[in-house]
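Working notes, beginning with the structure itself.
Note that this is a predicted model, so its numbers are computed, not measured. Note on naming: letters A, B, ... go to the chains in the order of the sequence lines (proteins, then strands), and numbering restarts at 1 for each one.
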2 protein chains.
Amino acid sequence: MIVLLLYLQVMNQILGNISINVNQKIYLKDPESSDLGKKILSESINMIDNIGFDEFTFRKLAIVISSTEASIYRYFENKHKLLLYLTSWYWAWMEYKLVFAITNIDCPRERLLRSIKLVTEKIQQDGNIPHINEIKLSNILISESAKAYMTKSVGNENKIGAFSGYKKLVQRISDLIIEINPTYKYPHMLVSTIIEGSHHQHFFSDHLPRLTDVVEGEDAIPAFYTQLTLQAIDNVQ
Amino acid sequence: MIVLLLYLQVMNQILGNISINVNQKIYLKDPESSDLGKKILSESINMIDNIGFDEFTFRKLAIVISSTEASIYRYFENKHKLLLYLTSWYWAWMEYKLVFAITNIDCPRERLLRSIKLVTEKIQQDGNIPHINEIKLSNILISESAKAYMTKSVGNENKIGAFSGYKKLVQRISDLIIEINPTYKYPHMLVSTIIEGSHHQHFFSDHLPRLTDVVEGEDAIPAFYTQLTLQAIDNVQ
DNA sequence: GCAAATATAATAGTAACACTATCATTTTTG
DNA sequence: CAAAAATGATAGTGTTACTATTATATTTGC
């Protein structure tokens, strides 16, 4: 427990000096560059977490940050682009956490295990980036991220690099798998199945429990995906 | 090949005499009960497949079926309920296909393999229900089904039974798993991971191929999930 | 075959949403 | 302190998501 707290403190201190970079083509004006921009980020995270992305509007957001719709539109073309920003931020942040979690770990299997744990377990601890609540942001990823990429505009948004953070993370973990088993045929499928799947399972455990096997007090979701992964890569047929 | 065609003919003949039942609480008036209702179903499937659910509106639908918004509202409260109807219909149809596919197959493992194949492979063949194009409907399930249940109203809709078809299908396949390995801890998680995962992989292979490992001409998606399942249930630790 | 019941069409209207435009005011910067 | 940039205030347009009303078909029971 003390080790965990120390680790989080170290993380937070380092995070205090770094910043997560999001593809410039997603926004009109960098929200990290001003107080208003940061308020847009922090309050949109609160609001989307509270009322859901469908009910969220720039008008409602303008009221709670005591600003105007027109001002918000100077940062983001529309609410969909704002969601893309939040998801990109999240994946860049996860990649950072991943690199941090496996640095100096020599054993490839241990590196993979730590990676799976990181992407499948629920975010419980907020970092120290004042305008981003990572717990709420991770809830948004669980409930709303499909709305970010399951659109007819996915091709155009992919072209401007809106999903590169997600793809980089998948690639990193796929590389770990290939390091352990160079003959494994489906590393990307396995990793994207784990990431998307664990989001679904978190959602199901809260709202459609018949679709899951989550037991109170157990870490069933990371345990299930860890087991699945090890069985997949250890048994080459 | 001839066996496949015969099978499909038999299927279609039987489907000609049955009808898929959708929970009555999802609609205001049964769309199967009138010509207008059937037109609403068939054209909404075409339109959602074409322009996506976000761009789809009752006004646009009214124009192409030469009717009015008000008339459509007599069948469905709103477009979200229509999407729930289509997804419920799909899961009921899949359950029917599942029962048909494993009837008279004695070997439990073979029953499971056929089930996995059914839920993970792409629908290629349209049935003979004139107002439902199953290929287009399955595309809608792939691209839009998350919008049906990842909402703030999921709890209420779950109460009225809007997802019971999906849950029944998951339960059926979970039962097959438990029949083969009664000690397996995560049957529901495994099945919902397979179903949601294969939808994602079909979408990714078309739009975000870096997240998958689909190879032209190979049935990578069913192969991957079949392998994953067998490894999961055969290796009890 | 006709009256009654029901379904659909036609039309209109409201509140909210998704923006865009313009201009005034405040804040920042050189 | 002047110029530039950011923000606020206000207004306006077209669309969406409905609801209401009344007229016209169509179906059904007798």
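Taking the six-membered ring for Trp, B/His200 and A/His200 have ring centres closer than 6.0 Å.
Taking only side-chain atoms of A/Lys29, from C-beta outward, the nucleotide of D/dT16, C/dC19, D/dT7 with the closest atom is D/dT7. Minimum atom distance to the side chain of A/Thr57 is reached by C/dA18, of the listed C/dA18, C/dA9, D/dG8. You'll find that the side chain of B/Asn78 is closest to D/dC18, out of D/dC18, D/dA6, C/dC19. Closest to the side chain of A/Lys60, out of C/dT8, D/dT7, C/dC17, is C/dC17. Listed candidates were D/dT7, D/dC18, C/dT8. Nearest to the side chain of B/Tyr75 is C/dT8. Closest to the side chain of B/Ser67, from the set D/dT16, C/dA9, D/dT7, is C/dA9. Distances were taken from every side-chain heavy atom of A/Thr68 (C-beta onward) to each of C/dT11, D/dT16, D/dT10; the shortest belongs to D/dT10.
Of the two residues near DNA chain D, A/Arg74 and B/Ala70, the one whose nearest nucleotide lies more 5' is A/Arg74.
Rounded to a whole Å, the CD1 atom of A/Ile63 is 13 Å from the P atom of C/dA18. With rounding to whole Å, A/Leu36 atom CG is found 18 Å from D/dA5 atom P. Between the CZ atom of A/Phe76 and the C1' atom of C/dT20 there is a distance of 19 Å, given to the nearest Å. Here C/dA21 presents its C1' atom at 13 Å from CD of A/Glu69, a figure rounded to the nearest Å. At whole-Å resolution of the value, CD1 in A/Ile40 and P in D/dA6 are 13 Å apart. Rounded to whole Å, atom P of C/dT11 lies 14 Å from atom CZ of B/Arg59. Rounded to an integer number of Å, the gap from NE2 of A/His80 to C1' of C/dC19 is 16 Å. What separates CD1 of A/Ile72 from P of D/dA6 is a distance of 17 Å, to the nearest Å.
Backbone-only contact: B/Ser66 has heavy atoms under 4.0 Å from sugar-phosphate atoms and none from a base. Residue B/Tyr73 is in base contact, counting any heavy-atom pair closer than 4.0 Å across all strands shown. Within the nucleic acid shown, B/Glu77 comes within 4.0 Å of sugar-phosphate atoms alone, with no base atom in reach, counting heavy atoms only.
Regarding contacts with the backbone of C/dT8, a side-chain N or O of B/Ser34 is found under 4.0 angstrom from either OP1 or OP2.
Looking at heavy atoms from C-beta onward, B/Ile48 lies out of side-chain contact with B/Lys79 at the 4.5 angstrom threshold. Side-chain contact check for B/Leu84 versus B/Phe163: some heavy-atom pair is nearer than 4.5 Å.
B/Ser192 places a side-chain N or O within donor-acceptor distance of the main-chain N or O of A/Leu211, the cut-off being under 3.5 Å.
The pair B/Glu121-B/Lys117 counts as a salt bridge, with a side-chain nitrogen and a carboxylate oxygen less than 4.0 angstrom apart.
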